[in-house]
Structure formats: structure tokens, C-alpha cells
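Values in this document were obtained by computation on a predicted structure and should not be read as measured data. So you know, we letter chains A, B, ... as the sequences are listed, proteins then strands, and number each from 1.
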Amino acid sequence: MSLEDEILRQRLTRTREIEALGFPPYGHRFDYSHTIPEILAQWAETPAEELDRQPVRVRVAGRIQTIRRMGKAGFAHLQQNGERLQIYVRRDTTPEADFTLYKKLLDIGDIIGVEGRLFRTRTGELSVWVEKLYFLAKTLLNMPEKWHGLEDVETRYRQRYLDLIANPEVRRIFITRSRIVASLRRQLEQRGFIEVETPMMQPIYGGATARPFVTHHNALDIDLYLRIAPELYLKRLVVGGLERVYEINRNFRNEGISTQHNPEFTMLEFYQAYADYNVLMDFSCELLERTAVDATGSSRVVYQGQELDFSRVQRYRLREALIEFWPGGDKPRPENLADPDWLNRHSTKPTPGEQLMEIFEEKIEDRLVQPTIIYEYPVETSPLSKTKPGDPAFVERFEIYAAGMEIANAYTELNDPQEQRRRFEAQLELRARGDEEAHQMDEDYLRAMCYGLPPTAGEGIGIDRLAMVLTNSKSIREVILFPLLRPEPPLGLAERLRAAEKETGG
RNA sequence: GAGCCGGUAGCUCAGCAGGUAGAGCAUCUGCCUUUUAAGCAGAGGGUCCUGGGUUCGAGUCCCAGCCGGCUCACCA
């Protein structure tokens, strides 16, 4: 018999023995007096004599992390909310059944409750002297090892619950991520933005350049696309008079998976009527600094050994950044950036704007380690942005970079329906030439715009990437609880459970 | 999609000169009333990712495949 099946049988047998002792093997409600972190915080400094003189009674619950049994007494560590508290069980100060439960039937990973008083051991560790035990849930499978935790990356992602139990830093990452989202929501709400939800299944996908996932609705017999961006719906709402809206939700892009890309990822998009991209640049700086402080306690965070300072976000025009951050000696001069010969030497793209962007992405992007705003983008690559007055080759758009990654994209929204129609038509030509990612014509969006979209600025912030930067994570999969993986082959677990139940007389 | 690296006990890993498969933790039995990587004595546990091939003999060498990681390409 394999070890796993042997353990399964042992533990099922124990489950019955626990029941025979008078404990429900899967308990019900347990009202604890404190969480383990609360106990550790509240009595961290209390000396042993004071705990003895004025006993503190507590009821706590947790998962057994370690267990050390001696003949007539023993210790265990309970884990709750990422922290652990030691318990002490003695034969002469615990009911007989409770001691038997502790001595014979508990396994690492079981969830129990205890009642008792706080004391300090000889070595000074704050512990609970147990007077009563409660059994709350049995673990039927072996837990990961206690020193190294769980390191196999695939198992960590597939069985994230084990990762969270075994690796406290993983728990911290997701708590930080939650704080980031909470901070962004709070700040937007404070400024009068309202949160909305727009379709994730869309008949026409738009708002970004990407390949979509396709699905089918049976009753209507239509194909729908999982959204690649919420942008066009959010701007319809601005037309409708919801002048400050935001949405935090998933986008889906049917493209490669990498340390910076997951097929579904979380985006904050917000739109502010009567503003332009300059307003959003200032707002973004405040937003990011505040978020960094709320999530990590500081506006300066360390990412892969480098300190990033969110209190001083630098700003460069795209064309300035090309010169400023150019790697190596052949630094371009301002006039080069408008010179077709120079552009052709450095890029194979067909238009000057696309060439500029390609060169930027290739040479500059990964050098933007400090939080940096890059602004004024070529019109060709920005079909939904408003052009710069007096310079129609460029649009009022900016992106924010940090740790060499794009984490935000924003612009003054194009609100002239005729101009928008022409941009869509240009995209259709690209599509006709085989560019699967070119935007589709969205006539309903055009119709909304024909009713009048106020001057508006909008921005999207990639929550996963921001979380990477603020949690010092090298891979996007470290900040997504369940990143997309190829499905596992069948486990056969149901079969094994059934066999074990039969054999142990269930 | 391409290149590099990896897949051995539940977990973390060793084994490479091709010769019957190992350690620590975990598990089981016994002892132990302040331990904490508890300790001591004993025991069990393996489709060495899969399938072919070379060989008297393959965890080890060769080929193909599967799964994963990293880098690159596309993208946010």
C-alpha cells in the first residue's frame, strides 16, 4: 500500500476514534475569545509572574503546525492568520478524554480549539496551558514539510491553500494586494468616483489591442467575446452623465503567458469628465504614492534590490525619454526622432509613430526602473486618444512605468465622433491587412459619442503589476491566487477515499 | 512559438564511473510532565514523469513525448 493510502486509512480510523471519545470529528461553531495574532500582540510583553498572579483565560482556534508529545504532557503550535501560538497539554490538568485526544489522535494539520490560561514557559514563550480541547476538523493528507515549506512552484499554484498554510510570506503578498485595491477604492470614492460593473461578455471587443477569448450564448445563439478592456462601456456611462466612474475587474486577453502576463488580469479603469491628461498625471502621482503607503507603510519600496520612490514620480515626453534613457553611445538627437532615415534604421514598422513606439519599447522600457510618467504618444498607436493641439501626430496620452514594466496607461479621450469614425476606419484597414489585434468598428459606441461625450480623461492601472512592484514579486503568478495552468490529469482521489472508507468500516 | 534548466518517498533534496534506490522532516510502535528543527530506540513507505532504444544490466546514456520554471518573441 502506498504511504498516502496508508495515511488515509490511519486518519479515517482516527476520525472514528475521535468520535468514539465523544468529540465530533468535524466540529461546528467555535467562539474564540481572541485570534492568535491578537493574543501575541496583547500579551507580548506581559511577564510570567503577572500572568500567574492575574490569570488570563483564553479560547483560541487554529491549525496544528507542530506537535511535541512527551509521556504525560506535551506542546503544540497552533497557527491562525499567519501567526502561531504554543499550547501546553498536561495529563493532570486536562480531562482524560481531552488528553487521550491530544496524545493519540491529533495530527499536524488538524484544526482544533483550546481553552485555558496564558503562561510563559521556562524559555519565556507565551503559551496556553490547556484545560479543555475541542476538535474542529481532521486533515486526511500529509502536510508539507515544516522547515522548507512548500517550494515546488507548480504545486504552490495548483494547491494555493497549501502554499498559504506553509509559506507565511505568500499570505502577506495577498494581504498587501488586498490593501492596494482597498486603498485605490478609498481614494477614488473620496474624490467622488462611483464604482460600476460593465459587461465582461461583449458582442464587439474593443478598448485595447489584443486577441480575445470567444464564447457562445446558446439561447441567443451568438458568439460573445470576453472583454479585453471595459473602456468603451465606461465612456458610454460618461455620456450618460456618470461623470466620475471606475471599475476594478478582470480583463481577458488570449495571448502568451509570461512572468508579466496572465490571460486574465485585473485592471482599474477610471474616467473623469471635464479633465484632461494633465489632471490625471497629477492625480496618478498622488494615487500611487498613497497606495504605496497604505499597502506597504512607505512610499519607498524595494523591488529586486532597488529602492523605488513613489513620492517623486519623474515625467518625460516619450521623445525626451528616448534620448534621456538611450542605452549605449549612439544617443539620438531630437531631430533624429523626426527623421525617416534614422527611424528606418532602427525599426521595421511602416509609420513614424509605430517606429517611435517600437524603438521605445525595445530600448527604453526596461530601463524605466523608478516610477516614471512617459507622455505624448504617436497618434497611430492610440486610436481612442485626443490629439495634441497644434501637433496632430501626437496624442495627449501618458503611461506610467515602474521596475521596467508598464503599470498604467491614460489619455485625454477622443470625443469627436467624426474623428473617432476615421480612426476606426484606419483600424479596419489594418484588420483587412491581417492585423488580428486592430480595433473593431463599434457603431454603438460611435452613436453614444454622437450624443456628446464631454471632454474626459481616463486611465487604466494594471493591478497585478502594481501588486508585483509593491510586494517585490518577480512573477505575476506570485500575485494572482490561482494563475492559469494546464489542467492536471485525474487525481483518482474520490476512488481512493471510497476504498479507504470501505476498509475502515465507514 | 524558440532556447536553457528541471521532474527520485507526503515534503525538501542527494544519488551521474551504468551494477539490488538514500537522507532529513513527516508516518507507525515503544520510552519520556516546560519542549520548541524536542530527544532516544525500532519499523514501514518508491510506476526514480511517460514511452521507446542502447546494454548482460538504465534513476543514471540516447530518442520522442508530457508537465513545470527561467529567458526571448507577442502583449498590459
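For the residue pair A/Q86 / A/S127, a side-chain donor-acceptor distance below 3.5 Å is found, with atom types taken as modelled.
With B/U35, B/U12, B/A26 as the choices, the nucleotide that has an atom nearest any side-chain atom of A/E145 turns out to be B/U12. Minimum atom distance to the side chain of A/R11 is reached by B/U27, of the listed B/C67, B/G10, B/U27. In the set B/A76, B/C32, B/U34, B/C32 carries the atom at the smallest distance from any side-chain atom of A/K103. Of the candidate nucleotides B/C13, B/C11, B/C74, B/C74 has the atom nearest to the side chain of A/E437. Closest approach to the A/D92 side chain among B/U12, B/A26, B/U33 is made by B/U33 (side chain taken as heavy atoms from C-beta onward). Considering only the side chain of A/E6, B/G45 comes nearest among B/U12, B/A73, B/G45.
For the pair A/E4 and A/R496, the salt-bridge criterion is met [side-chain N within less than 4.0 Å of a carboxylate O].
For B/U71, the OP1/OP2 oxygens have a side-chain nitrogen or oxygen of A/T259 closer than 4.0 Å. In this model, the phosphate group of B/C67 is approached by a side-chain N or O of A/R486 to a distance below 4.0 Å at OP1 or OP2.
For A/R156, the side chain to side chain donor-acceptor pair (under 3.5 Å) test picks out A/D163, A/E478, with sequence neighbours left out. Remark: A/Y401 engages A/F360 in a ring-ring contact (aromatic ring centres under 6.0 Å, His included) (not counting sequence neighbours).
Straight-line distance from the CG atom of A/L106 to the P atom of B/A26: 15 Å, rounded to whole Å. Atom-to-atom, CH2 of A/W129 to P of B/U34 comes out at 10 Å; the value is rounded to the nearest Å. Look at CG on A/D464: it is 14 Å from P on B/A76, rounded to the nearest Å. When the P atom of B/C11 is taken as reference, atom CH2 of A/W147 falls 17 Å away, rounded to whole Å.
Shown for residues 63-77 of chain A: residues whose heavy atoms fall under 4.0 angstrom of RNA chain B, namely A/R68, A/R69, A/M70, A/G71, A/K72, A/A73, A/F75, A/H77.
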